[in-house]
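Working notes for the structure below.
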There are 2 protein chains.
Amino acid sequence: MAAPSEPITRAKPAKRVSIREIARQAGVSTATVSMVLNDNPKITQATREKVRKVIDRAGYQPNRIAQSLSGKYTRVLGVLLPTLRHALADPYFGELISGICDRAARLGHKVTLESAKPDFIREKKHLELFDRRFVDGVLCIGFNDRHVFLKDFAKAGHPMVVVNNQFDSWGVDQVVCDYRSGTDQVMTYLQQLGHTKIGLIHGSPDVFTSRVIIDVFKHRTPELDDTFLEDGHFTEEHGIAATHALLERHPDLTAIFAGNDKMALGAMRALSLRGIKVPEQISVVGFDDIPYSKFVTPALTTVHLPFYEAGDLACERLIQRIRGKNDRINETLSTHLVLRESTGIVPRA
Amino acid sequence: MAAPSEPITRAKPAKRVSIREIARQAGVSTATVSMVLNDNPKITQATREKVRKVIDRAGYQPNRIAQSLSGKYTRVLGVLLPTLRHALADPYFGELISGICDRAARLGHKVTLESAKPDFIREKKHLELFDRRFVDGVLCIGFNDRHVFLKDFAKAGHPMVVVNNQFDSWGVDQVVCDYRSGTDQVMTYLQQLGHTKIGLIHGSPDVFTSRVIIDVFKHRTPELDDTFLEDGHFTEEHGIAATHALLERHPDLTAIFAGNDKMALGAMRALSLRGIKVPEQISVVGFDDIPYSKFVTPALTTVHLPFYEAGDLACERLIQRIRGKNDRINETLSTHLVLRESTGIVPRA
DNA sequence: CTGAAAGCGCTTACAG
DNA sequence: CTGAAAGCGCTTACAG
């Protein structure tokens, strides 16, 4: 009457073998084993093989806590986010973090997640990350100019790179997507379609990239005043509200450009509630190219940002910096427009 | 001619003070400092204060690498995910991980992210996590019955809890949302509205929770055969395809129930492409209550799953288990229906 | 209640 | 090219 599938018996974790035991079995010193482990070229091929054999047989794995204590590195990278909850629920951050983690894994590093809430900063936990040797370096995502604590890392000489945001005057290491070019492409496209009355729903101007979008937009539409702009705070909710506000002021709008896809989705929602057809009556353009943007009706025209690649590159550069490279990191990744269904030629009056 | 904003000068990281230095300054032994640090009750109030003062003045922070090497714990938890990229771009995982990270931080633990790709498993990296002392325990998210490697942790005696999936026959520790009750609520509601021709777009049946939904659905609609079911593989794309397939077979369908919101969103997209009105002609119900579901038009009726709470609870329980608690972890969190706009009374024929 | 000593498991000069 | 020894910065029995 055996149960159809045996529950697993929980064993006591086995005692791990140490480097000393390997040294003993191989008849060498622990120094030699250590050097074999670290591919130190001083070791002869012969002893290298002899020691490897013992290591493999014993299934020995070096304790990385001990390695970190003796050595210089923890081989752990921190990812700092403002609020974890919304950040992680967001495809934008998801791509960024995936890029970081994949690259880190390939370069033999672990990644730890940290949410930099106000009290985290107040208690200087961001510096504790280094002082207590939790990490060798950090990547910062989703912060803005008001987050002055970001300067602390450089001041203290700790490797840190900002991903997909800019703090040019701070002289901080950064990897960003080209928001300027992306915005330029959108404006060119909308103007080619004949649109002149265009509303902009931008993200919070605390964020440098939002300011870039606003800046380019204004340059490309000198005839439009600030009543054509509205803050959508990066969210669907505010995207909806912003759309209503814009349309109250300018019922003759023929296009809405949003600083991210979530706000664009909010705009489409608002337009649909108002019985306005997209793109027949109003065109909508987003920014980011999150997965959902393909699945809404009409599918959203937007700018593709290489978030995964940005995370990947930032991580690679950070590790180089940890290893002693000293040039300032300041990379820009190119972006491109993705045409879908939410945009069309301007309707005739 | 000073620059408007000085770029930061990158300092050399300062030399950290050690416990020995604190001991010297306080005129006690390192053992005493250590005991003060760990709130050991053996220490007198007087010496405790004396030592604390020196610690504060020096801004001393214990090196946690050294602490881990001497002590029993690393105070690091691993979060294991199948594929990072899609997982993190998904609100479902985002909530789960936020719940885990927040709780971990409150209990003084760090969280490291690990993507369990096929070669990760093949190279036994999941056990290396423990063998090399990267973590004290792991939380597993998004796996299914084919991921037999999950048994390895329990076999080796390593603390592991599965979050929001079930492996009942494996006897593994788990924290899950109540899919059974959620599905039951959906079926009751749809049947109250008069629907009898209901199509089910379920997630992959490898996943236990998908099987629960299928099981309840069949029990509640004994008159419907398997042609009313279609696999939507948890994605929007397949949700679209599944909807078309279902409607080809049953043009008289009046309701579609999807095993997650993404597939439900796909269904709405497909219906819209076919010119079918939701909910006037067909009602749509999702599962998960991801943020987007409120912002589509019509807003999606769905089942709310407490993902954040599941992550939080799983993390708390895992830490208890690490600390020596030995009871099997098997918790279920309740779910509830959220009525929005995508459902309505059955249309008369 | 506190101190001296050993030990955690590695790496890294330094001899030879 | 390899070994003996010191050291990384803590914690934990063990004396006293």
Side-chain angles (χ1 to χ4, degrees), chain A residues 13-52 54-55 58-76 108 128 130-134 136 323, chain B residues 13-52 54-55 58-76 108 128 130-134 136 323:
Chain A
K15 178 107 180 73
R16 293 182 254 271
V17 288
S18 76
I19 196 171
R20 210 180 311 264
E21 177 61 17
I22 299 298
R24 200 189 55 75
Q25 287 185 27
V28 297
S29 73
T30 58
T32 303
V33 178
S34 172
M35 285 167 142
V36 170
L37 243 24
N38 296 296
D39 287 319
N40 189 318
K42 287 188 206 160
I43 302 294
T44 340
Q45 186 62 21
T47 51
R48 182 183 308 280
E49 277 169 13
K50 177 175 67 180
V51 174
R52 277 250 165 270
V54 178
I55 289 175
Y60 166 68
Q61 315 252 63
N63 177 328
R64 68 101 204 185
I65 297 282
Q67 288 182 314
S68 296
L69 188 61
S70 310
K72 207 171 160 192
Y73 305 113
T74 63
R75 290 173 177 271
V76 176
E128 190 180 311
F130 288 95
D131 292 336
R132 299 195 55 201
R133 295 208 67 197
F134 280 107
D136 293 333
R323 290 297 146 90
Chain B
K15 177 103 181 76
R16 295 181 251 271
V17 289
S18 75
I19 196 171
R20 210 180 312 263
E21 177 60 17
I22 300 299
R24 198 188 56 74
Q25 287 185 28
V28 298
S29 74
T30 61
T32 304
V33 178
S34 173
M35 284 166 143
V36 170
L37 244 26
N38 296 297
D39 287 319
N40 190 317
K42 286 188 206 160
I43 302 295
T44 337
Q45 186 62 21
T47 53
R48 182 183 307 280
E49 278 168 13
K50 176 177 67 179
V51 174
R52 276 249 166 269
V54 178
I55 289 175
Y60 166 69
Q61 316 250 63
N63 177 328
R64 67 102 204 185
I65 297 281
Q67 289 181 314
S68 296
L69 188 61
S70 309
K72 207 172 161 191
Y73 305 113
T74 63
R75 290 174 176 271
V76 176
E128 191 181 310
F130 288 95
D131 292 336
R132 299 195 54 200
R133 297 209 62 198
F134 281 107
D136 293 332
R323 291 296 147 89

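Reminder, nothing fancy here: chain letters follow the sequence lines and each chain counts from 1. Keep in mind that what you see is a predicted model, and the values were worked out from it rather than measured.
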Sugar-phosphate, base or nothing in reach of B:Ser68, heavy atoms under 4.0 Å: nothing
Evaluation steps, side-chain contact (heavy atoms from CB on, under 4.5 Å), between A:Val17 and A:Gln25: CA-CA 11 Å; A:Val17 288; A:Gln25 287 185 27; 5.7 Å; no
Sugar-phosphate only, base, or nothing, as touched by A:Ile43 at under 4.0 Å among non-hydrogen atoms: sugar-phosphate
Side-chain N,O (A:Asn63) to OP1/OP2 (C:dC8) below 4.0 Å: no
Basic-acidic side-chain contact under 4.0 Å: A:Arg52, A:Glu49: no
A:Thr47 vs D:dT2: side-chain N/O to OP1/OP2 distance below 4.0 Å: yes
Touch class at under 4.0 angstrom, heavy-atom based, for A:Val33 against every strand present: nothing
Check: B:Asp136 side chain, B:Thr74 main-chain N or O, donor-acceptor pair, under 3.5 Å: yes
Donor-acceptor pair under 3.5 Å, A:Thr30 side chain vs C:dG9 base: no
Nucleotide nearest B:Thr44 (side chain, heavy atoms from C-beta), chosen from D:dG9, C:dT2, C:dA13: C:dT2
Listed nucleotide nearest any side-chain atom of B:Thr32, set C:dA13, C:dC8, C:dT2: C:dT2
Sugar-phosphate, base or nothing in reach of B:Tyr60, heavy atoms under 4.0 Å: sugar-phosphate
Nearest listed nucleotide, side chain of A:Ser34, among C:dT12, D:dT2, C:dC1: C:dT12
Within 45° cone and under 6.0 Å: A:Arg75 NZ/CZ vs B:Phe134 ring: no
Among C:dC10, C:dT2, D:dT2, the one nearest A:Ile19 by side-chain distance: C:dC10
Closest nucleotide among D:dC8, D:dG3, D:dG9 to the A:Ser70 side chain: D:dC8
Exam field: side chain B:Thr44 to backbone B:Ala46, donor-acceptor pair closer than 3.5 Å: no
Any B:Ser29 side-chain nitrogen or oxygen under 4.0 Å from OP1 or OP2 of C:dG3: yes
Side-chain N or O of B:Gln67 closer than 4.0 Å to phosphate OP1/OP2 of D:dT11: yes
